[in-house]
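All residue numbers in this chain count up from 1 along the given sequence. None of these values were measured; they are calculated from a predicted model.
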Amino acid sequence: MTGLGILTAAGIGTAANWHEVTHAASPSGVRKPAELRDLPTDFVYLIDGLDIETALDAATRRLTDRFSRLAVLAAREAVADAGLDPRAWDGDRVAVVIGTANGGLPVYDEQHTALLERGHRRVSPMLAVLTTGNGAAASVCRDLGARGPSLTVNTTCASGTDAIGIARQLLRAGMCDIALAGGAESSCSRLIVASMCKMKGLSTRRDDPAAACRPFDADRDGFVLGEGAGLLVLERPEHARARGARTRAMVVGYGTANDAYAPVAPHPEGAGAERALRAALADAGVRATDIGHVNAHGTATALNDLIESAMLRRVLGEHPLVTSTKAMTGHTLGAAGGIETAFTVLALQHQLVPPTANLESPDPDVPVEVVAKEARPARLQCAVKTSLGFGGHNAALVLSRG
């Protein structure tokens with residue numbers, strides 16, 4: 001991994017995000033949009049201060065939904081961070097693999113309203129382009145001239161993690177020299193929030209929304225939706241060495257598995273998550289004792305946090321330092337794996353584990369050491385990123401220092 005690009009409610013750009021997740025006592029990006037005011041959950045995490053009109057030209061804005069725009073901007077940062085110039089690379093050897101859960105689904109909400117209230121002539125002729133899940137990958141390809149393999153991954157909340165694992169496989173197979181991989185999502189529309197309220201997955205702490213997302217806390221009551229994008233540049237080692245690139249970290253293991261259990265709830269014993277993590281460890285050729293840190297899925301739902309933490313204890317023991325960064329970014333669904341893998345890379349690089357924000361009363365039934373209050377220095381050689389998604393999807397990555 002040679003480059004990172006991150007956009008979340010915690011900040012614009014990698015440096016701003018890392019500062020917030022390692023220093024901030026509570027999230028600053030929680031907002032109450034007017035369109036959500038009558039819902040049981042009337043707050044989400046939104047990116048402030050992003051000047052889309054300046055960053056992207058009119059043609060790009062016309063042909064993209066917000067999640068695709070976030071992907072393009074994160075990809076530009078990642079490429080620049082890697083020291084690459086798209087004008088000079090062989091675009092035929094550059095792959096793009098981006099995960100998303102909902103893609104441009106919020107546009108359906110807007111356009112359906114336009115159809116009902118203003119008639120068929122007000123429906124955008126670009127609706128099919130704006131709403132397809134492949135919009136982010138296609139937009140990044142056009143923006144950067146990447147003409148190699150281009151894939152969209154939808155394993156719901158595991159999408160970004162799976163995208164990185166698949167990109168690594170493309171590199172190992174010799175199908176590309178460079179891959180941009182991760183996830184993008186912007187799904188904080190009224191329709192989606194209303195649906196998730198009915199599903200009982202969201203926090204309803206309306207009186208204190210900044211403290212609502214509480215991973216691993218005894219008083220947690222659900223997750224909070226967020227938007228964002230996290231993209232990483234992966235290269236074949238010989239390609240990176242040949243151009244003298246800085247290596248931030250290495251992807252040394254990947255595993256993916258399905259619970260085959262339920263549409264929403266994880267397997268009660270975390271069976272699929274365990275298989276994915278054990279497969280990633282085997283792929284990496286490392287022992288459980290080699291893992292010093294886990295950036296967990298950690299959604300702040302009652303089931304996820306108990307099941308995931310019990311699985312981590314079974315597989316890795318009690319020694320890894322565990323964190324969830326979702327209290328700072330919100331749950332960005334398909335983008336979460338990309339964003340949180342980038343945070344895991346930074347933890348390895350800086351030898352610093354971010355705290356789990358809003359963790360005030362640790363759940364005594366969580367059997368792992370969760371970092372809280374402040375970032376913790378640690379000697380880290382290998383770290384793990386885990387993701388659990390709706391539909392029983394599970395993915396895990398093992399990273400090592402560069």
Side-chain angles (χ1 to χ4, degrees), residues 21 26-27 41 45 156-158 160-161 196 199-205 208-226 259 261-277 291 293-333 336-337 339-341 343-344 353-373 376 383-396:
V21 300
S26 65
T41 298
Y45 287 72
T156 61
C157 310
T161 305
M196 290 194 172
M199 191 176 69
K200 307 296 186 185
L202 299 180
S203 171
T204 56
R205 205 181 299 265
D208 192 8
C213 184
R214 296 170 171 247
F216 303 112
D217 194 280
D219 296 325
R220 66 189 183 277
D221 72 329
F223 63 88
V224 182
L225 280 175
D259 289 334
Y261 172 73
V264 177
H267 188 278
E269 297 177 357
E274 181 171 340
R275 288 197 307 275
L277 179 52
I291 306 301
H293 167 48
V294 179
N295 187 303
H297 193 56
T299 59
T301 61
L303 280 179
N304 178 92
D305 291 7
L306 287 180
I307 291 170
E308 183 181 17
S309 62
M311 179 277 295
L312 292 174
R313 176 63 179 262
R314 282 197 309 275
V315 178
L316 300 177
E318 62 181 347
H319 68 280
L321 299 175
V322 177
T323 195
S324 170
T325 47
K326 283 187 173 67
M328 297 303 298
T329 65
H331 190 350
T332 56
L333 304 178
I339 292 165
E340 292 159 14
T341 298
F343 289 150
T344 310
V353 177
T356 302
N358 292 335
L359 178 53
E360 300 294 336
S361 303
D363 188 336
D365 294 325
V366 169
V368 294
E369 184 173 1
V370 181
V371 177
K373 303 296 184 183
R376 189 179 305 180
V384 159
K385 170 67 202 129
T386 52
S387 294
L388 289 71
F390 299 148
H393 296 286
N394 302 275

Task: Working for side chain to side chain donor-acceptor pair (under 3.5 Å), residues Ser203 and Asp221 - done: CA-CA 5 Å; Ser203 171; Asp221 72 329; 2.7 Å; yes
- [ ] Quick one: list whatever passes ring-ring contact (aromatic ring centres under 6.0 Å, His included) with Tyr45, sequence neighbours left out.
- [x]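 For Tyr45 there are no ring-ring contact (aromatic ring centres under 6.0 Å, His included) partners, ignoring immediate neighbours.
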Which atom names give the shortest non-hydrogen contact between [X] and [Y], and what distance separates them?
{"X": "Ala327", "Y": "Pro215", "value": "CB-CD, 3.9 Å"}
{"X": "Arg205", "Y": "Asp219", "value": "NH2-O, 2.7 Å"}
{"X": "Asn304", "Y": "Thr301", "value": "CB-OG1, 3.1 Å"}
{"X": "Thr325", "Y": "Pro354", "value": "CG2-CB, 4.3 Å"}
{"X": "Val294", "Y": "Leu316", "value": "CG2-CD1, 3.5 Å"}
{"X": "Gly337", "Y": "Thr161", "value": "CA-OG1, 3.1 Å"}

Task: Qualifying residues under salt bridge (charged side-chain N to carboxylate O under 4.0 Å, His left out), relative to Lys373, sequence neighbours excluded - done: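 Counting only residues at least two positions away or on another chain, Lys373 forms a salt bridge (charged side-chain N to carboxylate O under 4.0 Å, His left out) with Glu360.
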TODO: With sequence neighbours excluded, tell me which residues meet salt bridge (charged side-chain N to carboxylate O under 4.0 Å, His left out) with Glu340.
DONE: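 Residues passing salt bridge (charged side-chain N to carboxylate O under 4.0 Å, His left out) with Glu340: Lys326, Lys385.
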Spacing of [atom1] belonging to [X] relative to [atom2] belonging to [Y], to within rounding of 0.5 Å:
{"X": "His331", "Y": "Ile339", "atom1": "NE2", "atom2": "CD1", "result": "10.5 Å"}
{"X": "Phe216", "Y": "Asp365", "atom1": "CZ", "atom2": "CG", "result": "13.0 Å"}
{"X": "Phe343", "Y": "Asn295", "atom1": "CZ", "atom2": "CG", "result": "8.0 Å"}
{"X": "Thr323", "Y": "Leu321", "atom1": "OG1", "atom2": "CG", "result": "9.0 Å"}

- [ ] With side-chain contact (heavy atoms from CB on, under 4.5 Å) as the test, would you mind laying out the steps for Ser26 and Asn358 before giving the verdict?
- [x] CA-CA 6 Å; Ser26 65; Asn358 292 335; 4.3 Å; yes
Open item on the list: Under a 3.5 Å distance rule, please check whether Ser324 uses its side chain to pair with a backbone N or O of Thr356 as donor and acceptor.
Closed with: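 Pair absent, no side-chain N/O of Ser324 close to backbone of Thr356.
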Open item on the list: What verdict does the side-chain contact (heavy atoms from CB on, under 4.5 Å) test give for Leu333 and Thr156, after you've listed the backbone C-alpha separation in whole Å, the side-chain angles of each residue and the deciding distance to 0.1 Å?
Closed with: CA-CA 6 Å; Leu333 304 178; Thr156 61; over 6 Å; no
Indicate yes or no: at least one non-hydrogen side-chain atom of [X] is less than 4.5 angstrom from one of [Y].
{"X": "His293", "Y": "Pro320", "answer": "no"}
{"X": "Leu312", "Y": "Leu277", "answer": "yes"}
{"X": "Asp259", "Y": "Asn394", "answer": "yes"}

Open item on the list: Can you classify the ring geometry of Phe390 versus Phe223 as parallel (below 30°), tilted (30 to 60°) or perpendicular (above 60°)?
Closed with: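 Tilted, since the angle between the ring planes falls between 30° and 60°.
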Task: Audit row: Glu369, Arg376, side-chain contact (heavy atoms from CB on, under 4.5 Å) steps and yes/no - done: CA-CA 12 Å; Glu369 184 173 1; Arg376 189 179 305 180; 2.5 Å; yes
- [ ] With sequence neighbours excluded, give me every salt bridge (charged side-chain N to carboxylate O under 4.0 Å, His left out) pair touching residues 296-309.
- [x]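 Matches after skipping sequence neighbours: Arg220-Asp305.
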- [ ] List for me each residue that meets side chain to side chain contact (heavy atoms under 4.5 Å, CB included) alongside Pro367, sequence neighbours excluded, and say none if there are none.
- [x]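 Side chain to side chain contact (heavy atoms under 4.5 Å, CB included) check on Pro367 returns Ser309, Arg313.
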- [ ] Take Val366 and Leu306 through the side-chain contact (heavy atoms from CB on, under 4.5 Å) test and state the conclusion after the steps.
- [x] CA-CA 6 Å; Val366 169; Leu306 287 180; 4.2 Å; yes
Open item on the list: Once side-chain hydrogen bond (donor to acceptor under 3.5 Å, both in side chains) is applied, do any residues pair with Glu274, and if so which ones, sequence neighbours excluded?
Closed with: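 Applying side-chain hydrogen bond (donor to acceptor under 3.5 Å, both in side chains) to Glu274 gives Arg278, Arg314.
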